[in-house]
Amino acid sequence: FRSPNWALARGWADLDAERPLQPDHRFPAYSITKLITAVAVLRLVADGAVRLDAPANDYLGPVRLADGDVTVRELLAHTGGVDTPAGLFAEQVPALATLTGPVLACSGPRGTFDYSNGGYAVLGQLIADVSGEPYQAAATRLVLRPLGLDDCSFPARWPDDPDAVTGYGLADRAFLPITEICTLPAAGGLWSTAADLVRFARGWRGLLPAGLAAEALRPQVTRPDTGVSIGLGWVVNQAKGVTGHAGGGRGGSSSLIVAAGGQRVHVALT
């Protein structure tokens, strides 16, 4: 990084190989992925290919929602009541339809914030159906490549290379390597370095018209118990003046927090 940016790595990227952790190691970002997905959807909105307040089913093909009235905006804001399919982790990423079948249930409360990995899985399918290419390729074209995020990817299996960390779980008082990966790429499939997540947080607004970027950060609904709001993908804490997202899954956890008008970014990957 150039000053005043800095990065610190402590610990091990792989215990058995005794490979020290470096700032340029790639981690599973897990639910920070949802921010990439949200920006990709908003780019399609900006291009006129998708309307925020249209039913998501207008744009879906092989996998559709049981509630045909749920809108794209509601999916982005976790207010569509979409169920999350079972089997969130597996050795390899399957096609979404193999997890959900042709219709994804919507049994949750609609209109209130109810966090939904399933809703973001559907947004990934929407991106694929509208763009005519797999979600991973479309997200790369729409978001990763324009921002120069060369260390970001959506692997189909846990990466087996020295640039990627080994994740661990605790069993029988021993750390055992994790080999399962998130099965929903658009909800939790991104792998990234800390530096690329900082670049994303600083640059994503430049990919959108100013009004649409502002709408992404505008609270769509607020949880009365915490006072924390959700925008279009972004978690918004108005009291603390920060936005961002956290992520967590087998073998890793992540945090991205943005303050000071989008220029002060904090990323933690473990």
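The structure presented is a predicted model; accordingly, all values stated were derived computationally and were not measured.
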A.B. asks: Distance only, no hydrogens: is a donor on one side chain within 3.5 Å (strictly under) of an acceptor on the other, for S31 and Y120?
C.D. replies: no
A.B. asks: Taking it one step at a time, do V228 and R223 satisfy side chain to side chain contact (heavy atoms under 4.5 Å, CB included)?
C.D. replies: CA-CA 6 Å; V228 174; R223 290 186 57 167; 5.5 Å; no
A.B. asks: Any link between F200 and V235 through a network of hydrophobic side chains (Ile, Leu, Val, Met, Phe, Trp, Tyr) touching at under 4.5 Å?
C.D. replies: no
A.B. asks: Compare all side-chain heavy atoms of T243 with those of N237 and state whether any distance is below 4.5 angstrom.
C.D. replies: no
A.B. asks: Could you tell me if T179 and E91 have a donor-acceptor pair between their side chains, going purely by distance under 3.5 Å?
C.D. replies: yes
A.B. asks: First locate atom CG of D47, then atom CG of L142, and finally report the distance between them rounded to the nearest 0.5 Å.
C.D. replies: 7.5 Å
A.B. asks: Quick check on the hydrophobic clustering: are L232 and I230 connected, directly or via other members, by side-chain heavy-atom contacts under 4.5 Å?
C.D. replies: no
A.B. asks: Is any side-chain heavy atom of V39 less than 4.5 Å from a side-chain heavy atom of R205?
C.D. replies: no
A.B. asks: Rounded to the nearest 0.5 Å, how far apart are CG of D24 and CD of Q22?
C.D. replies: 6.5 Å
A.B. asks: Would you say Q220's side chain and R218's backbone share a donor-acceptor pair under 3.5 angstrom?
C.D. replies: yes
A.B. asks: Please verify the inter-ring angle class for H78 with Y115; under 30° counts as parallel, over 60° as perpendicular, anything in between as tilted.
C.D. replies: parallel
A.B. asks: Distance check, rounded to the nearest 0.5 Å: T71 atom OG1 versus L52 atom CG?
C.D. replies: 8.0 Å
A.B. asks: Could you tell me whether the side chain of F154 reaches within less than 4.5 Å of the side chain of V93, counting heavy atoms only?
C.D. replies: no
A.B. asks: Ignoring hydrogens, what is the shortest heavy-atom contact between A138 and I127? Give both atom names and the distance.
C.D. replies: CB-CG2, 3.5 Å
A.B. asks: Given R64 and L104, is the side chain to side chain contact (heavy atoms under 4.5 Å, CB included) satisfied, shown in steps?
C.D. replies: CA-CA 6 Å; R64 301 175 66 78; L104 189 54; over 6 Å; no
A.B. asks: Is a donor from one side chain sitting under 3.5 angstrom from an acceptor on the other, for T84 and N117?
C.D. replies: no
A.B. asks: Under the 3.5 angstrom rule, does the side chain of D129 hit a backbone N or O of G61 as a donor-acceptor pair?
C.D. replies: yes
A.B. asks: Less than 4.5 Å apart, side chain to side chain, heavy atoms only: is that true for V267 and S255?
C.D. replies: no
A.B. asks: Can you hop from V221 to V70 via hydrophobic side chains spaced under 4.5 Å?
C.D. replies: no
A.B. asks: Please check if L170 and L176 belong to a single hydrophobic cluster, counting links between Ile, Leu, Val, Met, Phe, Trp and Tyr side chain heavy atoms closer than 4.5 Å.
C.D. replies: no
A.B. asks: Show your reasoning for whether side chain to side chain contact (heavy atoms under 4.5 Å, CB included) applies to L75 and V82.
C.D. replies: CA-CA 8 Å; L75 293 180; V82 180; 3.5 Å; yes
A.B. asks: Taking all atoms of both residues into account, what is the closest heavy-atom pair of A137 and E133, and its distance?
C.D. replies: CB-OE1, 3.7 Å
A.B. asks: Taking atom CG of D14 and atom CG of L21, what is their separation to the nearest 0.5 Å?
C.D. replies: 11.0 Å
A.B. asks: Does CG in D161 sit with more than 12 non-hydrogen atoms of other residues, nucleotides or ligands closer than 6.0 Å?
C.D. replies: yes
A.B. asks: So does R26 pair up with D151, basic N to acidic O under 4.0 Å?
C.D. replies: no
A.B. asks: Is there side-chain contact between L123 and L76, with at least one heavy-atom pair below 4.5 Å?
C.D. replies: yes
A.B. asks: Could you check I32 against F27 for side chain to side chain contact (heavy atoms under 4.5 Å, CB included), going step by step and ending with a plain yes or no?
C.D. replies: CA-CA 11 Å; I32 292 177; F27 283 77; over 6 Å; no
A.B. asks: For A259 versus V242, what's the shortest heavy-atom pair and its separation?
C.D. replies: CB-CG1, 3.8 Å
A.B. asks: Under a 4.5 Å cut-off applied to non-hydrogen side-chain atoms, are R202 and V265 in contact?
C.D. replies: yes
A.B. asks: Can you tell me if CG on D150 sees more than 12 non-hydrogen neighbours from other groups inside 6.0 Å?
C.D. replies: no
A.B. asks: Could you tell me which non-hydrogen atom of R43 sits nearest to which non-hydrogen atom of L207, and how far apart they are?
C.D. replies: NE-O, 3.6 Å
A.B. asks: Under 4.0 Å between a side-chain nitrogen and a carboxylate oxygen: does that hold for E215 and R73?
C.D. replies: yes
A.B. asks: Hey, could you give me the CG/OG distance between L269 and S253, rounded to the nearest 0.5 Å?
C.D. replies: 8.0 Å
A.B. asks: T183 side chain to G87 main-chain N or O, any donor-acceptor pair under 3.5 Å?
C.D. replies: yes
A.B. asks: Taking all non-hydrogen atoms of both residues into account, name the closest pair between A56 and L65 and its distance.
C.D. replies: CB-CD1, 4.0 Å
A.B. asks: At their closest point, which heavy atom of P85 faces which heavy atom of G118, and how far apart are they?
C.D. replies: CD-CA, 4.0 Å
A.B. asks: Within this structure, what is the CZ-SG distance for the pair F89 and C182, rounded to the nearest 0.5 Å?
C.D. replies: 5.5 Å
A.B. asks: Can W12 be reached from Y168 by stepping across I, L, V, M, F, W or Y side chains whose heavy atoms are under 4.5 Å apart?
C.D. replies: yes
A.B. asks: Given side chains that start at C-beta, do those of L8 and P23 come closer than 4.5 Å, heavy atoms only?
C.D. replies: no
A.B. asks: Is E74 salt-bridged to R110, going by a charged N under 4.0 Å from an acidic O?
C.D. replies: yes
A.B. asks: Is a side-chain N or O of K34 found less than 3.5 angstrom from the main chain of G233, in a donor-acceptor match?
C.D. replies: no
A.B. asks: How about CZ on R19, more than 12 heavy atoms from neighbouring residues, nucleotides or ligands closer than 6.0 Å, or not?
C.D. replies: yes
A.B. asks: Does atom CG of D172 have more than 12 heavy-atom neighbours, drawn from other residues, nucleotides or ligands, at distances under 6.0 Å?
C.D. replies: no
A.B. asks: Are the side chains of V50 and Y59 in touch, meaning some heavy atoms are under 4.5 Å apart?
C.D. replies: yes
A.B. asks: Taking atom types as modelled, is there a side-chain donor on S107 or D83 under 3.5 Å from an acceptor on the other?
C.D. replies: yes
